[in-house]
Amino acid sequence: MVNLGRPRCPQCGARLRRGRQPGQLCDPCLKVGPDPRAKLPADFYDQQPVLGWLAGYDFGPFLRQVRALTGWSQQTLGGVTGLDQSTISAVERGEHRLGHVEDVAALARGLQIPPVRLNFPDIGATVSATGTAGQKDVSWVDRRDFGEHAARLVLGIAAAGLDIDRLLALLPQAEPTGTRQVGVADVEFVEQLTAAFVRQDFASGSGVIRDAAVAQLHTVLPLLNAQVPAEVRPRLMVATGRLAMQTGWMSFECQHHDAARRLWLIGLDLARRAEHPLGTDLTVYLFYDMALQSVQLGRPQEALYLVKVGETAAVGRYPVSASTTCCLTNIQARAHAAEGDAVACDRSLSKAEEHVGAIDPATAPPWGVHVGEAGMSGFQGVAYYTLALPGRDARAAGRAVDLLRHGVGHFDPGYARLRALYLPDLTGAHALAGDVDTAVTVGHQAVDTVISVSSPRAFDRLRILNTVLEPLHTSPGVAELRNRLTTTAA
């Protein structure tokens, strides 16, 4: 996290009391006197190979260089950073990688490492592990190189600063499985468990089950270290990877974006190593999930990069299903729409239509069962609605109305969460197309549907809709709907 509050004492790192200026010492350090320890050169963090070490989270040679320039002992460095001497020793010997956010934050805070050197965006601020007033999150969502990490992982290249074991350690703790034999029945249990989470998510949202899914994932992961027959292991890895993907999706639905990215990276690692016919398909679908998140976060260029990596990953040992390819191409269209590129959006949607026509429900992977005519209409409608938003394009809005209305009207009753996501967009499309009365009617349906499910992402759609309707606030019906939107979203 980045400290935006009061400055810290340059000697001990404590927060200065109000009125003290940056560079001044705190009261205890003033009593002790100047710090006798040597200082790092002013340009230390601009030097090579320091830049490479920090960008790659390669803290072993970095710490050795710090001590060589300052003459500090490991104990002294520990006093500066808050890390114990044994940890520093193990890192310097290459026996331990600093990866946990609290350790990296302690090191960055103690040595005043600019966050930009650790691939975080804020230049000149300090990294902190705990959230307090005046601070903001810096996390996997903020990392500028997230797409590169995902690409390197799926292509089997060592990803600097990415430690899957560290990501796993962030999950809730579970009892070890010991050395018991894992068989087909265990894999079937994982598959059925994930299917239940998927059904619940579609039917009523992820809000009430996300934490349970994370706990279940950590219970399942140790099975990979148990005694697993060679013929069962690939299926177990795909099943566990799919559970990680679903848990990441539910975290995304609940707006836990940083957790979603960590979980998706775990899923990627399992999918790419599975050597299973569905491994490649699962890998590509994960890139669809990540690209969708990037679009929602307002990063269409990042989304397009992730789509390209997904397309590269699709050229693997096993074929990728039409349903998964359709999803990836649809999110490519959404990203183009977010950039205002109508031509590229239409081109991607045309490709997606070809893929949806080739879908065979009998052979579709379990994560593609919702992809069909209704889903395709919804995808297309949201893309055109996205095109209509910035310039209030009535033509694009009209196309969005027809497509979203068809999608919403043909969703199976078990897909209430999708209806909750699309109805606010349909309301906004009606408004942008000039049909205010219908917009008000559909808008109240949207509110009723959103409050019936547990989906923070759907509530976000209501907030966006409220903004879209603002220019029409003089209409009594719109004013009443906006009041309801405000109350509901709050």
Side-chain angles (χ1 to χ4, degrees), residues 131 133 136-137 141 200-212 249-260 292-293 295-298 334 338 378 381-382 384-394 397 400-401 403-405 407-409 411 413-490:
K136 66 176 183 178
D137 288 339
V141 174
Q200 182 72 20
D201 170 55
F202 276 126
S204 57
S206 298
V208 296
I209 57 172
R210 182 260 174 188
D211 290 344
W249 172 265
M250 292 191 291
S251 298
F252 163 60
E253 269 287 311
C254 294
Q255 308 290 49
H256 300 321
H257 292 296
D258 189 54
L292 175 58
Q293 182 197 46
V295 169
Q296 178 167 316
L297 292 173
R334 283 273 301 278
V382 173
Y384 283 118
Y385 180 56
T386 303
L387 274 174
L389 280 174
R392 314 192 77 77
D393 184 336
V401 165
L403 291 162
L404 286 169
R405 186 165 52 197
V408 168
F411 279 136
Y415 291 95
R417 195 254 298 157
L418 288 181
R419 286 175 54 83
L421 288 171
Y422 288 154
L423 276 170
D425 291 2
L426 177 57
T427 303
H430 275 298
L432 294 177
D435 189 352
V436 178
D437 291 340
T438 304
V440 171
T441 300
V442 177
H444 285 291
Q445 295 175 7
V447 175
D448 291 340
T449 305
V450 169
I451 62 178
S452 72
V453 300
S454 181
S455 172
R457 196 157 67 99
F459 278 88
D460 251 12
R461 291 286 230 279
L462 294 182
R463 296 184 185 96
I464 295 171
L465 173 61
N466 204 355
T467 303
V468 171
L469 294 176
E470 197 277 333
L472 304 172
H473 67 277
T474 55
S475 164
V478 171
E480 179 186 356
L481 174 59
R482 293 190 72 223
N483 285 335
R484 192 178 178 205
L485 290 170
T486 300
T487 302
T488 303

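Small disclaimer: the values here were computed from a predicted structure and weren't measured. Residue numbers count from 1 along this sequence.
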Exercise. Indicate the atoms forming the closest heavy-atom contact of Ala416 with Val453, along with that distance.
Key: CB-CG1, 4.0 Å
Practice problem: Decide yes or no for Leu297 and His257: does some side-chain heavy atom of the first lie under 4.5 Å from some side-chain heavy atom of the second? | Solution: yes
Exercise. Would you please test Gln445 and Thr441 for side chain to side chain donor-acceptor pair (under 3.5 Å) and show each step?
Key: CA-CA 7 Å; Gln445 295 175 7; Thr441 300; over 6 Å; no
Quiz prompt | Inter-residue atom distance Arg417.CZ - Tyr422.OH, 0.5 Å rounding | solution = 8.5 Å
Quiz item: Which pairs pass salt bridge (charged side-chain N to carboxylate O under 4.0 Å, His left out) with one or both residues in residues 429-457, sequence neighbours excluded?
Solution: Glu253-Arg457, Asp448-Arg484
Quiz item: Do Leu432 and Leu389 come close enough that some side-chain heavy atom pair is under 4.5 Å?
Solution: yes
Quiz prompt | Leu423 vs Val408, side-chain contact (heavy atoms from CB on, under 4.5 Å): CA-CA, chis, key distance, verdict | solution = CA-CA 7 Å; Leu423 276 170; Val408 168; 3.9 Å; yes
Exercise. Locate the shortest heavy-atom distance separating Tyr384 from Leu403; write the atom from each residue and the value.
Key: CD1-CD1, 3.5 Å
Quiz item: Considering all heavy atoms of both residues, which atom of Ala433 and which atom of Ala397 are nearest to each other, and what is their separation?
Solution: N-CB, 3.8 Å
Quiz item: Could you give the distance from OG (Ser454) to CD (Gln200), rounded to the nearest 0.5 Å?
Solution: 9.5 Å
Practice problem: Heavy atoms only: give me the nearest Pro456-Cys254 pair and the separation to one decimal. | Solution: CG-CA, 3.7 Å
Self-check item: Rounded distance (nearest 0.5 Å) linking atom CG of Asn483 with atom OG1 of Thr487
Solution: 6.5 Å
Practice problem: Supply the atom-to-atom distance Tyr385 OH to Leu404 CG, rounded to the nearest 0.5 angstrom. | Solution: 9.0 Å
Quiz item: Can Leu292 and Trp249 be said to form a side-chain contact (heavy atoms from CB on, under 4.5 Å), step by step?
Solution: CA-CA 10 Å; Leu292 175 58; Trp249 172 265; 3.5 Å; yes
Self-check item: Shortest non-hydrogen separation from Ser455 to Leu421 and the atoms involved
Solution: OG-CD2, 4.5 Å
Which pairs would a plain distance check flag for residues 467-477, meaning a side-chain donor or acceptor within less than 3.5 Å of a matching protein atom at least two apart in sequence or in another chain?
residue, atom, partner, partner atom, Å
Thr467, OG1, Arg463, O, 3.4
His473, ND1, Glu470, O, 2.9

Self-check item: Separation of His444 NE2 from Leu485 CG (nearest 0.5 Å)
Solution: 8.0 Å
Quiz item: Quick one: does Gln255's side chain get under 4.5 Å of Gln296's, heavy atoms only?
Solution: yes
Exercise. Work out which heavy atom in Leu481 is nearest to a heavy atom in Gly443; give both atom names and the distance.
Key: CD1-C, 3.7 Å
Exercise. Mind checking the CG-CG spacing from Leu465 to Leu426? Nearest 0.5 Å is all I need.
Key: 10.0 Å
